[in-house]
Amino acid sequence: MTVKQALARHAARLERGGVPSARLDAQWLLAHVLGMPRLEMELQPERRLTAREAATFAALAARRVRRVPLQHLVGTVSFCGIDLAVNRHVLIPRPETERLAELAGEVLRGHGPGARALDIGTGSGCLAIALALAAPGARVVALEISQSALRVARANARRNRVSARIRWAHGDARCRLPGRVGFHLIVSNPPYIATGQMAALQPEVRDHDPRRALDGGPDGLHFYRVLAVSARRRLLPGGCLMWELGDGQSDAVGAILVAAGWKVQAVHADWNGTPRIMVATVLDS
Ligand code: GLN
């Protein structure tokens with residue numbers, strides 16, 4: 001079987017299985033099996049697959065039909081151009097969160113060398129690592145409730161050579177950190193899906209992302225309420241909070257912040273024009 005034939009067969013199979021972007025996923029999977037960039041593979045349609053390559057590709061495609069996320073099958077995801085390993089212990093980083101990383105990176109850089117950032121609920125470590133790379137003199141503390149996620153995040157930091165500037169802390173949204181350490185920047189992509197909406201999520205998300213990384217309680221706002229209080233105590237004067245919002249949550253989250261003594265400074269839309277990133281400062285700082 002050639003590359004072209006294998007792609008046609010398995011893309012059709014993914015399509016029948018209802019997989020979104022079937023053709024592209026088939027390409028990513030086969031490129032992974034062949035250990036070559038996707039575009040390079042595309043240039044070799046007549047290349048013959050070994051029996052082993054064909055079998056591996058078929059097995060991966062079968063798992064994709066069962067809606068295992070593409071990123072779990074290939075084992076990595078690109079986030080802001082950074083290569084990150086992912087598995088079932090961490091939320092797969094989303095393009096929306098890249099926007100938060102970019103905006104927050106600029107803010108952190110603006111605080112100069114010695115700047116300190118806190119990432120609450122780091123998961124794969126995507127935000128913490130992107131911040132450390134964006135602001136070379138900065139130090140980052142990354143907080144996470146799941147020990148398994150912390151292992152993934154640590155490995156991702158090593159992979160991207162920023163381990164020396166990230167401190168990992170095991171803990172929840174109450175931000176219990178040793179001492180009185182304060183931060184110029186606090187970021188978070190908290191769980192924000194309302195519990196009742198979990199069942200309606202696409203299977204890749206519902207069945208394979210960690211539930212704990214998604215479920216924001218009955219109205220999806222639980223973590224914003226907790227963080228509005230705990231992050232407040234960790235912010236240095238002149239610092240700011242930047243976090244990701246779920247669909248339609250901008251007004252409600254803004255109100256939560258204002259009630260906790262914050263001032264909403266800006267709301268940035270994602271690539272779809274949906275309000276996604278909220279920036280807040282503290283009134284008396
Ligand atoms: N953005 C994710 C989704 O829509 C949710 C992540 C989160 O709850 N922070 O599936």
Side-chain angles (χ1 to χ4, degrees), residues 18-21 25 67-72 77-80 84 86-104 118-131 142-146 148-150 152-153 156 171-175 186-228 230-231 241-254 256-257 267-280:
V19 174
S21 58
D25 280 21
R67 306 302 288 273
V68 177
L70 178 70
Q71 296 87 340
H72 286 182
V77 61
S78 168
F79 179 84
C80 294
L84 298 171
V86 288
N87 61 26
R88 65 192 168 83
H89 297 302
V90 300
L91 184 87
I92 295 171
R94 310 286 205 265
E96 294 90 316
T97 311
E98 291 182 315
R99 182 93 179 106
L100 171 54
E102 283 165 15
L103 292 164
L118 171 65
D119 174 19
I120 307 168
T122 197
S124 64
C126 60
L127 283 171
I129 293 166
L131 288 176
L143 194 61
E144 172 57 50
I145 186 71
S146 155
S148 318
L150 274 178
V152 175
N156 278 328
D172 64 20
R174 286 170 294 181
C175 301
I186 299 179
V187 296
S188 186
N189 173 19
Y192 55 55
I193 309 286
T195 308
Q197 287 168 9
M198 293 283 295
L201 296 172
Q202 64 183 54
E204 286 85 349
V205 178
R206 186 192 61 215
D207 303 336
H208 299 276
D209 273 322
R211 190 179 174 92
R212 212 157 37 166
L214 297 168
D215 190 344
D219 62 359
L221 301 173
H222 170 73
F223 289 95
Y224 296 108
R225 293 193 187 93
V226 177
L227 293 173
S230 59
L241 167 71
M242 301 178 80
W243 58 18
E244 186 169 320
L245 304 170
D247 290 352
Q249 292 177 334
S250 176
D251 290 348
V253 173
I256 288 169
L257 282 175
V267 179
H268 300 273
D270 62 20
W271 313 116
N272 292 320
T274 306
R276 188 63 69 196
I277 313 297
M278 183 170 276
V279 186

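Whatever order the structure lists them in is the order used to number ligands and atoms, beginning at 1.
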(request) Give the ring-plane orientation class for Tyr192 versus Tyr224, where under 30° counts as parallel, over 60° as perpendicular and anything between as tilted. (result) parallel

Short list, please: which atoms of ligand 1 are under 4.0 Å from a heavy atom of [X]?
| X | value |
| --- | --- |
| Pro191 | 8 (O) |
| Val205 | 10 (O) |
| Ala213 | 7 (C), 8 (O) |

(request) Count the heavy atoms of every other residue, nucleotide or ligand shown that sit under 6.0 Å from CG of Asp207, and state whether that count exceeds 12. (result) yes

Among all the protein's non-hydrogen atoms, which is closest to [atom], and how far away is it?
| atom | answer |
| --- | --- |
| atom 1 (N) of ligand 1 | Tyr192 OH, 2.9 Å |
| atom 10 (O) of ligand 1 | Arg94 NH2, 2.9 Å |
| atom 9 (N) of ligand 1 | Pro190 O, 2.6 Å |
| atom 4 (O) of ligand 1 | Ile193 CD1, 4.2 Å |

(message) For a quick test of reading the model, state the closest non-hydrogen atom pair linking Gln249 to Gly220 and the distance between them.
(response) NE2-O, 3.7 Å

(request) Check the pair Asp247, Arg276 against salt bridge (charged side-chain N to carboxylate O under 4.0 Å, His left out), reporting the backbone distance first and the verdict last. (result) CA-CA 7 Å; Asp247 290 352; Arg276 188 63 69 196; 2.6 Å; yes

(message) Taking the side chain as everything from C-beta on, heavy atoms only, tell me whether Leu103 gets closer than 4.5 Å to Arg99.
(response) yes

(message) When you compare the side chain of Leu241 with that of Leu257, does any pair of heavy atoms fall below 4.5 Å?
(response) yes

